[in-house]
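The structure appears below as structure tokens.
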Amino acid sequence: MDNFHRDTWAEIDLDAIYDNVANLRRFLPDGTQVMAVVKANAYGHGDAQVATTALEAGASYLAVAILDEALALRQKGINAPILVLGASRPADVELAARHRITLTVFRADWLEEAASIYNGSIPVHLHLKMDTGMGRLGVKDEEETKRITTLIDRHPSFILEGVYTHFATADEVNTDYLSYQYRRFLHMLEWLPSRPPIVHCANSATVLRFPERAFNMARFGISMYGLAPSPSIKPLLPYELKEAFSLHSRLVHVKRLQPGEKVSYGATYTAQEEEWIGTLPIGYADGWLRRLQHFHVLVNGQKAPIVGRICMDQCMIRLPEPLPIGTKVTLIGRQGDEFISVDDVARYLETINYEVPCTISYRVPRIFFRNKRIMEVRNAVCHG
Ligand SMILES: Cc1ncc(COP(=O)(O)O)c(CNc2conc2O)c1O
């Protein structure tokens, strides 16, 4: 534990990541590959470490949101194909090509500008994104689709490697809109002179519920981290997922309060009787948000309420009894028979589980476990 100097950390169980990907590989029809979605620092789990593990488990492609995330993976020695799912700049096509990074195209004018700038000989791999009803990015009409495929065909270095779409409601029990989008995708694929080598439409919810609709690659994000795409479809999933993320801290201060004494900003919490209060070195700048006031953590295998306002760097909990400085506290994860899941925190925050690990900031070091042993400690504060 000597790679960081505050007793707050996240633990990433890479064995869980491995198993979640390996189980998907076994579940998928033959010929359907896994694209591991590692954008946003792998949903807060550690981009390079998750990417490496997912590739070991059989993923053949990676996906990120922005070009810089792909460049960062290359800098960290990741050589697998990487697709940038979001928009990029025409002027960055050369940079992407040089680093063998695949870009998403969804506008003819973007491609015209890229073609006017890039006359290099290094191939530029492109995936055409079609908007079948997500309403975010994607080509929507046949005329523009044909302009794009013609432009690619005419450029000596542009290669249409893939085509894809994204579903808006795959995590909902009702499949009406999902089926509409799937049918729309089938129709829009007919606009292409021929199907490119890679066709993909499935996120975690889609591939786990309808693997036969995944074409030949599935974009596996949230469930690679062991989280269900939504509470409503969790009971419908075909196999158990293993949650990879946990969050821990240690008591740095313990004091006895007399009745009437206050805790934290606004003096909003008043001790009702003689109470023992502990201070934890984690706050909203770490992504442990202020709205988690009155939620609970685990200490000595028991629930302990968060009392008073959560500060930028610290928060306070009411202890079951006086406890030693340095006692381990679990904010997300297991202590004995008690377990606080990412879903529990998301539910309390009235948000989705995706947001919780993404929000645990760079200031919280990540300890990576592989084969049940510490493989790496990443402290982004000191090491950038
Ligand atoms: C285009 C695209 N493909 C695949 C995925 C993976 O989805 P999954 O994590 O449900 O498997 C995402 C996730 N994108 C987002 C998840 O939350 N907000 C998003 O924009 C995505 O945007």
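Every number for a ligand or one of its atoms is a count from 1 in the order of the listing.
Below 30°, between 30° and 60°, or above 60°: for F4 and W9 the angle between ring planes is between 30° and 60°, a tilted geometry. Classified by interplanar angle (parallel below 30°, tilted 30° to 60°, perpendicular above 60°), the ring pair Y164/H200 is parallel. Between F158 and H155, the angle of the ring planes stays under 30°, which puts this pair in the parallel group of the 30/60° scheme.
There is no side-chain donor-acceptor pair under 3.5 Å between T206 and Y182.
Protein residues having a heavy atom under 4.0 Å from any atom of ligand 1 are V37, K39, Y43, L85, K129, R136, H166, N203, S204, R219, G221, I222, Y354, listed by chain and number.
Of the listed residues (V105, T165, I148), just one forms a side chain to side chain contact (heavy atoms under 4.5 Å, CB included) with V139, and that residue is I148.
Atom-to-atom distance recorded for D15:CG and K372:NZ is 5.0 Å, nearest 0.5 angstrom.
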